[in-house]
Amino acid sequence: MTAVPSPAQKTAENAQAANGLNVFQYTGASRASERVRMAVQRNLDAVPELFPFRAVSVTRSYRDSEGLPLATRRAMMFERIMAEQPVVIQDGELIVGMKTPKPHGSPVYPEINCQWYQRDLDTLASRDNTPFLVSEETKRILREEVFPYWPGRTVFDRIAEQVNEQMWAADRRGVVYHYFTSRSIGHINVAYDKILSRGVVGIRAEVAAAMAGLNEADPQAHDKRLLLEGIDRSLAALVVFAERYAAEARRLAAAETDARRRAELTEIARICSKVPEQPAATFHEALQAFHFTQLALHLETNGHAVGPGRFDQYIFPFYRADIDAGRITPDQAQELLDLLWVKLDEITLAKNSGESDTSSSYPEFQNLNIGGLTADGHDATNAVSYMCLTALEHVKLPQPQLSAQISTRSPQRFLLRCCELLKYGMGMPAMFNADTIVLGLVNRGKTLAEARRYGSINGCVATTCDGRDRMASSGYFNLAKCLELALNDGRDRRDGEQIGPRTGDPRQFSRFEDVIAAFETQVRHFVDLKVRYDDIVRAAYAEHLPVPVTSALIDDCIATATDWHAGGARYNIATISGVGIGTVADALSGIRTHVFETERFSMADLVQALDDDFTGHEILHQTLVNRTPHYGNDDAAADALALLAQRIFCDAVESHRDCQGARYWVDLLPTTAHIALGRLTAATPDGRRAGHWLSEGISPVQGHDRKGPTAVARSVGRIDHARCNGNLLNMKISPQVLRTPADLQKLAALIRGYFDTGGHHVQFNVVDEALLRQAQERPAEFRNLLVRVAGYSDFFVLLSRDIQEEIIARTAHEL
Amino acid sequence: MNPRCAESRDVPTALIWDIKQYALHDGPGIRTTVFFKGCPLRCAWCCNPESQSFAPEMIWMAENCIGCGQCVQVCPHQAIAVVSGAVHIDAGRCDGCGRCSDNCPGGALQTMGRAYSIDRLMEEVLKDEGFFWRSGGGLTLSGGEPLAQADFARHLLERYKQETHGHTAVETCGQADPETVTALLPVVDLWLYDLKHIDPATHRRGTGADNRRILKNARTICEAGAALVPRIPLIPGFNDDHPSLAALAAFAAALPGVGEVHLMPYHRLGHPKYARLNRPYPFGDRRPSTPAAIEAARRIFADAGLKAGIGG
């Protein structure tokens, strides 16, 4: 079996595709069209910028609607955004619609948290992580029209008045990182299939039916009616937005001298007049309806990670219908798909300065899934799955994040094609184990058929079910800091402040179990604290921020007339992201080996060394680093400590439900929080010095894995993956392992072998250190160098220096 | 222990200096390569000098040494001295027990060569069994010279074959008794077979031994129908001239069933290891093979009808 089909094979496969068969439609390393390349270049040249338009619409609407019911006010707000948002069709576009007048622009969401924009407005353009240009005109508009209205009126105000100092201190000191202070809950993959197949008209009919079914005896009937009316008005507003694009396309067509472009603009006008109001009938209509939906969700609120989900599954029927009818050629369809990729890449968001550290990225975590399983458990790959890979190859942009779901039933050629794309060093597609996704989702309450058909990756590596879920990923939890506290009687080692429970003088610990018990107590304490914070937040968004568009597209919000923020989804879960499990495993292994097994050092020696950040304790320090069995080397005893840390964390987290009754679950993903939280963590007994980054995801401590990728895979496979809502494993490999078809087969075998252990996810940074150093020295030449950061890829030269260093330090698995 | 392989209890141990998982160039697929210590040849260019001696050896890496002196204290044979910051090991006293390296905080001291039983080695080898199966890979024995510890090697391969039915390969210099080679034939799926020079005298000059047994064993293996890929190190000034390579190509092409060779360009990555062993580097200042020389060599083998892979 080879990875690269011959031209004859390609022709045969294209011919089959053209016949409408569900087959591998391989376009190989074909080039993007001139139109696509122009669009890509436009994004590469775009400078991230803050725009005031949404904020002005929202502020005026809120001001004008005071006194009205909140559900009505939110619908009015969305109507106003849709009516006033600048409408821009860029040169050569076939898929239209913009979140801001230029690519890579961010709107402002003052109703959630206005304070941070005010605080950061003058530094936003110059900050280290993800700067945004702010024009003087934008500053003026925001300061005059927007900022004065919001004091005391934002969601954050409601949160801030309830969160106590203990909760803030835990955040400030890096034990936890609280989400939702400036962004709503998000983490949604909506039911795109619903809007494509039924159109806004179909969903409004669903709303009407729900309204008709309201029981007037229900004391909440009035509220429910208001909520359904809000959904209905918001859906109607989305049609207005599309119609404004149709009008703009007609205007441009009238002025267009080039006949070909005029015809394209006329077609765009026709499509925007039709979708998303009516069901889509063609591939082009489906992509356009999808994009309008994506924009609506991004303009309604600023929730984290709005993901396309199982894109190939709901787009394929439109592709096939067009091919069957001879309406489109595979090349034309590929160009449209490429253009959609560019549109998704336009979307970004300015985050507040704290979050820009823990989640350092311009990309907005739009996770697009391909492959996986059907409801019956069969392989789900189709022609669009392969076209998505080719779109990535053509545009080479960081968004959408492409995730390939590989099951035991996935065709080898699909996996090989995924491996082939890794040679570009973009870290995409990320590889996910569909069988583990299904197992985990069923464990978290989904039906088997839903888990297979809608089971999807959202954000970095978290699992969700498209169109029926609320997965409130609630922030980060620093496991290494909990160990620090356990080894210092609950005091922050950096200044001695008592922030955790007193768990005893560590110098008196006489058994390894004493260390574990203290660690568990600290973990449980801060999980409790985190959950209490989350409850405040969950209630604040439920009470103060209805999201009618989101609710329209997540079952069963309409049927139960309950807003998505208020728990209207069919399934509701909450998750907390554990950070530093590798650090904790190696630290525990160091203590067990050198204090309690060989007794080379005493607990007092160790505590003193930690107090001194290892300065003057070189023998102890080097012994911890070099003579400790480390997680990540296929050493069952060391790996068992990672599993133990996971079990302690999972037991603590899973014992909770949030105020809406949602069960809590763990995921082990850091985004870039392992760097931000590492800065706030004192020395740890894995030999890590104070302030240094923590291990990321479930990857071994950087540089502690010394036996290569198979050993890493087997070690990491010992984590209980199905019990987590998502685990992240980074591997960096050199381009040399991807040269020949035999190389690709070996990489595919590595992935299959890892997934055989039950591993959830692996992503590859295929770059070498020399190249990255060059990129640091001459960033201008490496503007397009994409690397995998955490659950996403970003341009290397745009990352801050310490994140660049961290990527370089990840052990390179050389040939 | 596999009861069918009762013999393994009678075979004591082998001296192993490294075990490498995820080996991608020692045969098909993903493999684990076991490096036996001790080699009958003394190639002047050897890039693994720590593999040559049949006894355990200590290496000292100055860059990792923190100068704590713990090695001196723990050595039961008073074999270690620190002289002006450098660790010296008296090879006469050292028995390779490894206590110093086990206690070395910086990992500056390493014991090259540990005794492994078959059971212990199988434990290591089977760790990646799942990856062997997924990739069509398996177990490779390398060296030093695995045929120099032939009984152990044969028992290990038999055991591996019995338990996994997986693929086996041996990297060998071929300097072994003909009976040794014959005995291994049933359990070796692929021979990666070093050929360094056709002329016996030149061979002796470069490696310390002439090549008659080596060439004969190669023929024996191929005539038995086993898969063999000659591996030719391209050594500047030793065998990279046209007549030497042409002679090697002619020999290889005449071996029944051989259609492919691996050319291994000379590199100097082993150079620092000599210093760590406190030995002079016998091959001096030779320069690595140039791309032009590699291409010229490839053409010579192509002219003989052989496909030449570069670097194995």
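Throughout, protein chains are lettered first and strands after them, A, B, ... in sequence-line order, and every chain is numbered starting at 1.
Evaluation of the salt bridge (Lys or Arg N to Asp or Glu O under 4.0 Å) rule for B:Asp189 yields B:Lys161 as partners, not counting sequence neighbours.
In this structure, chain B has heavy atoms under 4.5 Å from both the backbone and the side chain of A:Asp634.
Contact count against chain A (heavy-atom pairs under 4.5 Å) is highest for B:Gly106 among B:Gly107, B:Ser135, B:Gly106, B:Pro28. Counting heavy-atom pairs closer than 4.5 Å to chain B, the top residue among A:Thr598, A:Leu624, A:Thr623 is A:Thr623. Highest contact tally toward chain B, considering only A:Thr710, A:Thr757, A:Leu750, is held by A:Thr710 [criterion: heavy-atom pairs under 4.5 Å]. Interface summary for chain A: among B:Gly29, B:Gly136, B:Gly137, the most heavy-atom pairs under 4.5 angstrom belong to B:Gly29.
Atom CZ of B:Arg99 sits in a sparse spot, with 12 or fewer heavy atoms from other residues, nucleotides or ligands closer than 6.0 Å. Residue-environment remark: CG (B:Asn278) stays at or below the threshold of 12 foreign heavy atoms within 6.0 Å.
Expressed to the nearest 0.5 Å, how far CZ of B:Phe131 lies from NZ of A:Lys746 amounts to 14.5 Å. B:Asn103 CG to A:Arg600 CZ: the interatomic distance, rounded to the nearest 0.5 Å, is 4.5 Å.
Annotation: side chain of A:Arg714 is in contact with side chain of B:Asp128 (closest heavy-atom distance under 4.5 Å). A heavy-atom distance below 4.5 Å is found between the side chains of A:Arg627 and B:Cys104.
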